[in-house]
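Here's the structure, in structure tokens; my notes come after.
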Number of protein chains: 2
Amino acid sequence: MDLEKSISTLNNPVRRQILEWLKDRSNFPPALPGHEDLEGVCVAYIQEKAKLSQSTISNYMGLLKQAGFVIAERHGQWTFYRRDENSIQAFVTAVQNELLKP
Amino acid sequence: MDLEKSISTLNNPVRRQILEWLKDRSNFPPALPGHEDLEGVCVAYIQEKAKLSQSTISNYMGLLKQAGFVIAERHGQWTFYRRDENSIQAFVTAVQNELLKP
DNA sequence: TCCATAAATCGAAATATCTCGATATCAATG
DNA sequence: CATTGATATCGAGATATTTCGATTTATGGA
């Protein structure tokens, strides 16, 4: 848990929005045939919703992954991203511990 | 509660450190004669501990104040800063609500 | 009123972040 | 193995943040 990296990753409204969207698969188009059973959302769907360039979103997802907020899983040519709830919970706890008085 | 501004204010290790220091008055030199009853710590003390320039610390304290993390109270030529525990708690709650799944 | 001290504001240089288009990589398929 | 489609990486321009020293403002005291 690198608090520094986590905070700077969250210091961007689009990245926070992506984490929000990823709470619910139904924020994105239905899975393509053959992907129905896979968890997570591919980059193209996230890009479409965020309306930023492909490279920017790929970069953002890399940052979210490095910070531990999402898990990436490659299946064929697609990378599926999903939230890492445990890691997100750990961050929230760390923020509490750092900010709130003993 | 402007989450945007709060997060960007916390996106700096020195500002977070200052909030940490302000948890306990005894992290700073004893109050000057006549200031014993006043809550909070003056800018000069914070500057001394942070080892950054006076203007930088004044700026940081302004940001922390705008974000609602500290309360400033002027007494004579000194400005005393102290944590705003309610506001800090509100921020932590907002982070929880934004990040954790329903 | 003049001076000294504390803090705030200003202007600027160095560094970091954002965001893009172009290019590279990697996997599937004919 | 050449092509296509998905994603990752690269290089760069625009913008934002960090941090400073210099200046300004506010206050209290001689």
Side-chain angles (χ1 to χ4, degrees), chain A residues 2 4-19 22 28-35 38-67 69-82, chain B residues 2 4-19 22 28-35 38-67 69-82:
Chain A
D2 181 344
E4 192 63 33
K5 175 169 279 187
S6 298
I7 293 177
S8 66
T9 299
L10 289 182
N11 189 31
N12 176 297
V14 178
R15 288 193 293 263
R16 289 202 305 279
Q17 178 70 78
I18 290 171
L19 280 184
L22 287 177
F28 300 94
L32 296 173
H35 290 167
L38 301 174
E39 268 189 280
V41 179
C42 67
V43 173
Y45 283 2
I46 299 170
Q47 187 206 337
E48 186 182 3
K49 244 181 120 66
K51 295 184 203 305
L52 287 176
S53 74
Q54 184 270 325
S55 63
T56 297
I57 297 303
S58 177
N59 173 29
Y60 281 9
M61 297 319 292
L63 292 173
L64 286 166
K65 181 183 158 196
Q66 280 180 51
F69 291 122
V70 299
I71 295 168
E73 217 167 293
R74 186 136 216 192
H75 289 277
Q77 34 186 352
W78 292 271
T79 304
F80 292 86
Y81 287 96
R82 64 180 194 275
Chain B
D2 180 343
E4 193 64 31
K5 176 169 277 186
S6 298
I7 292 178
S8 66
T9 299
L10 289 182
N11 188 31
N12 175 298
V14 177
R15 289 194 291 263
R16 290 202 305 279
Q17 178 70 77
I18 291 171
L19 280 184
L22 287 176
F28 299 94
L32 295 174
H35 291 166
L38 301 174
E39 267 190 282
V41 178
C42 67
V43 173
Y45 283 1
I46 300 170
Q47 186 206 337
E48 185 182 6
K49 244 181 121 63
K51 295 182 204 304
L52 287 176
S53 75
Q54 184 270 324
S55 63
T56 297
I57 297 303
S58 178
N59 174 29
Y60 281 10
M61 297 318 294
L63 293 171
L64 286 166
K65 181 183 158 197
Q66 279 180 53
F69 292 122
V70 299
I71 295 167
E73 216 166 293
R74 187 135 215 196
H75 289 278
Q77 36 187 351
W78 291 272
T79 304
F80 293 85
Y81 287 97
R82 62 179 196 274

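Lettering of chains follows the sequences in order, A, B, ..., and the numbering in each one begins at 1.
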Quiz item: Can you name the residues that form a salt bridge (charged side-chain N to carboxylate O under 4.0 Å, His left out) with B:R15, not counting sequence neighbours?
Solution: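 Not a single residue meets the salt bridge (charged side-chain N to carboxylate O under 4.0 Å, His left out) criterion with B:R15.
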Heavy-atom side-chain proximity of [X] to [Y] below 4.5 angstrom:
X: A:L22; Y: A:F28; answer: yes
X: B:L64; Y: B:Y81; answer: no
X: A:Q17; Y: A:K49; answer: no
X: A:N11; Y: B:L10; answer: no

Exercise. Would you please name every residue forming a side chain to side chain contact (heavy atoms under 4.5 Å, CB included) with B:Q77, sequence neighbours left out?
Key: none
Quiz item: Under 4.0 Å between a side-chain N or O of B:N11 and OP1 or OP2 of D:dT17?
Solution: no
Self-check item: Rounded distance (Å) that lies between atom P of D:dT18 and atom CD1 of B:I18
Solution: 12 Å
Quiz prompt | Among A:N12, A:V41, A:I46, side-chain contact (heavy atoms from CB on, under 4.5 Å) partner for A:I18 | solution =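 Option passing the side-chain contact (heavy atoms from CB on, under 4.5 Å) with A:I18: A:I46.
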Practice problem: Please round to 10 degrees the angle between the axis of the first five pairs and the axis of the last five pairs in the helix from C:dT1-D:dA30 to C:dG30-D:dC1. | Solution: 10°
Quiz item: With A:T56, which residues qualify under side-chain hydrogen bond (donor to acceptor under 3.5 Å, both in side chains), at least two apart?
Solution: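 Testing A:T56 for side-chain hydrogen bond (donor to acceptor under 3.5 Å, both in side chains), a comparison that skips the adjacent residues, returns A:S53.
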Quiz item: Taking all atoms of both residues into account, what is the closest heavy-atom pair of B:K5 and B:S8, and its distance?
Solution: O-OG, 3.2 Å
Practice problem: Looking only at non-hydrogen atoms, find the nearest pair between B:G40 and B:R82 and report the distance. | Solution: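 Where B:G40 meets B:R82 most closely, the heavy atoms are CA-CB, 3.8 Å.
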Quiz item: Along nucleotides 3-16 of chain D, 5' to 3', which nucleotides get a B, which get an S, and which get a -, given that the test is a protein heavy-atom distance under 4.0 Å?
Solution: --BSBBB-------
Exercise. Using chain B heavy atoms and a threshold of under 4.0 Å, write down where along DNA chain C the contacts begin and end, 5' to 3'.
Key: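 Using the under 4.0 Å cut-off, the span is C:dT5 to C:dT9.
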